[in-house]
Protein chains: 2
Amino acid sequence: MIPAPEPGLDAVFAALADPTRRAILSMLLEDDMAVTDVAEPFEMSLAAISKHLAILAASGLISQEKRGRVKWCKLEPDALKRASVWMQGFGQFEPVNLDAFEAFLEREFGPDP
Amino acid sequence: MIPAPEPGLDAVFAALADPTRRAILSMLLEDDMAVTDVAEPFEMSLAAISKHLAILAASGLISQEKRGRVKWCKLEPDALKRASVWMQGFGQFEPVNLDAFEAFLEREFGPDP
DNA sequence: CTCATATTCAACCGATCGGTTGACGATCGG
DNA sequence: CCGATCGTCAACCGATCGGTTGAATATGAG
């Protein structure tokens with residue numbers, strides 16, 4: 001029997017499949033950033049980065065909050081956690097070190113609000 | 001500075017982004033299977049499944065070995081492990097429970113040949 | 001008010017994706 | 001040998017992707 005598909009994973013993995021987007025995530029790991037600052041190190045247009053950020057936001061991997069005229073981008077590790085849960089637990093195996101991974105995320109990223 | 005891109009991850013995450021391919025991986029978790037048997041529960045052509053399997057093989061998530069006229073598909077957890085390593089360690093953080101995860105894979109899938 | 005900055009929108013482009021169909025090569029069984 | 005089975009190949013299709021440009025929309029600064 002085919003396992004029930006988890007539609008959220010499609011977007012998360014598709015978002016992770018692009019090296020530009022993974023680089024953006026790495027940058028956001030260090031700090032929240034404005035769209036323009038995210039775009040600065042890349043050799044592509046601001047509009048392209050804006051699209052990448054929209055894809056990341058749609059997948060849940062980041063959130064975006066507009067304060068004034070600048071839109072701040074913030075890493076959202078929950079989506080990454082879901083993908084990792086699938087990786088470790090897809091199939092019938094117990095997610096043995098899931099608790100440890102969650103603790104890792106808590107420690108690194110702070111408690112989820 | 002933008003982190004060096006890891007090209008293998010593109011293919012792995014792209015492969016994981018499709019629900020059909022994830023379902024195939026789940027099926028292969030239980031047992032090695034022939035292409036026709038993989039295709040059986042899906043409502044699409046054999047050629048489509050053959051393509052999906054080729055994509056999974058190109059990403060390294062599975063391997064295919066032709067014995068006689070049937071081609072056997074086998075899960076290759078190494079690629080999944082690489083992706084999981086990136087997830088837990090992307091950025092500068094130490095992969096705290098990577099060892100535990102590798103041990104988990106060893107236990108569940110057996111030692112790598 | 002005016003000008004600059006921050007970001008998105010809209011249209012467009014070539015490339016790739018996920019799927020189909022039909023023909024084809026290889027291999028097995030009788 | 002013959003016919004059925006296993007799997008891929010090739011061409012095609014519409015849809016989506018990743019990128020570009022140029023115009024448009026806020027918002028902030030002076």
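Order of the sequence lines fixes the chain letters, A, B, ..., with proteins taken first and strands second; residue numbering starts at 1 for each chain.
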To the nearest Å, how far apart are [X] [atom1] and [N] [atom2]?
{"X": "A/W72", "N": "C/dT7", "atom1": "CH2", "atom2": "P", "value": "9 Å"}
{"X": "B/L56", "N": "C/dG18", "atom1": "CG", "atom2": "P", "value": "10 Å"}
{"X": "A/E65", "N": "D/dT27", "atom1": "CD", "atom2": "P", "value": "14 Å"}
{"X": "B/E40", "N": "D/dT5", "atom1": "CD", "atom2": "C1'", "value": "16 Å"}
{"X": "A/D37", "N": "C/dT5", "atom1": "CG", "atom2": "C1'", "value": "12 Å"}
{"X": "A/I55", "N": "D/dC17", "atom1": "CD1", "atom2": "P", "value": "7 Å"}
{"X": "B/I49", "N": "C/dG19", "atom1": "CD1", "atom2": "P", "value": "8 Å"}

Set out, line by line, the N/O atom pairs under 3.5 Å between protein and nucleotides 20-28 of chain C.
unit_1	atom_1	unit_2	atom_2	d
C/dT20	OP2	B/S45	N	2.9
C/dT20	OP2	B/S45	OG	2.8
C/dT20	O4	B/K51	NZ	3.4
C/dT27	O2	B/R69	NH1	3.3

Handout entry: Candidate nucleotides C/dG18, D/dG19, D/dG18, ranked by approach to the side chain of A/H52 - the nearest
Key =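 Among the listed nucleotides, the one closest to the side chain of A/H52 is D/dG19.
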Problem - Among D/dG7, D/dT8, D/dG19, the one nearest B/S50 by side-chain distance - result: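 From the listed options, D/dT8 comes nearest.
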Exercise for the section: Assign each of A/A14 and B/Q64 to its nearest nucleotide of DNA chain D by heavy atoms, then name whichever residue's nucleotide is nearer the 5' end. Expected result: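 Result of the comparison: B/Q64.
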Problem - Which residues share a salt bridge (Lys or Arg N to Asp or Glu O under 4.0 Å) with A/E43, sequence neighbours left out - result: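 Residues passing salt bridge (Lys or Arg N to Asp or Glu O under 4.0 Å) with A/E43: none at all.
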Exercise for the section: Return the set of residues passing side chain to side chain contact (heavy atoms under 4.5 Å, CB included) with A/A48 (not counting sequence neighbours), or none when no residue passes. Expected result: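 For A/A48 the side chain to side chain contact (heavy atoms under 4.5 Å, CB included) partners, ignoring immediate neighbours, are A/M44, A/S45.
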Handout entry: Results of side chain to side chain contact (heavy atoms under 4.5 Å, CB included) for B/A14 - residues two or more places apart only
Key =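 In terms of side chain to side chain contact (heavy atoms under 4.5 Å, CB included), with neighbours along the sequence ignored, B/A14 is linked to A/A17.
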Exercise for the section: Could you label the plane-to-plane angle of the B/F13 and B/W86 rings as parallel, tilted or perpendicular, counting under 30° as parallel and over 60° as perpendicular? Expected result: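 Plane angle over 60°, so perpendicular.
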Hphob cluster co-occupancy, [X] + [Y], side-chain heavy atoms under 4.5 angstrom:
{"X": "A/F42", "Y": "A/L28", "answer": "yes"}
{"X": "B/M33", "Y": "B/V70", "answer": "no"}
{"X": "A/V35", "Y": "A/L29", "answer": "yes"}

Fill in the blank from the handout: Taking Watson-Crick and G-U wobble contacts under 3.5 angstrom, with | marking pairs to another strand and [ ] crossing pairs, the secondary structure of DNA chain C is written ||||||||||||||||||||||||.|||||
Practice task
Scan for side-chain hydrogen bond (donor to acceptor under 3.5 Å, both in side chains) pairs involving residues 46-71 of chain A, sequence neighbours excluded, and state none if there are none.
Solution key: A/R21-A/H52, A/S63-A/E76, A/E65-A/R67
Fill in the blank from the handout: Rounding to 0.5 Å, atoms CG (A/L16) and CG (B/L16) come to a distance of 9.5 Å
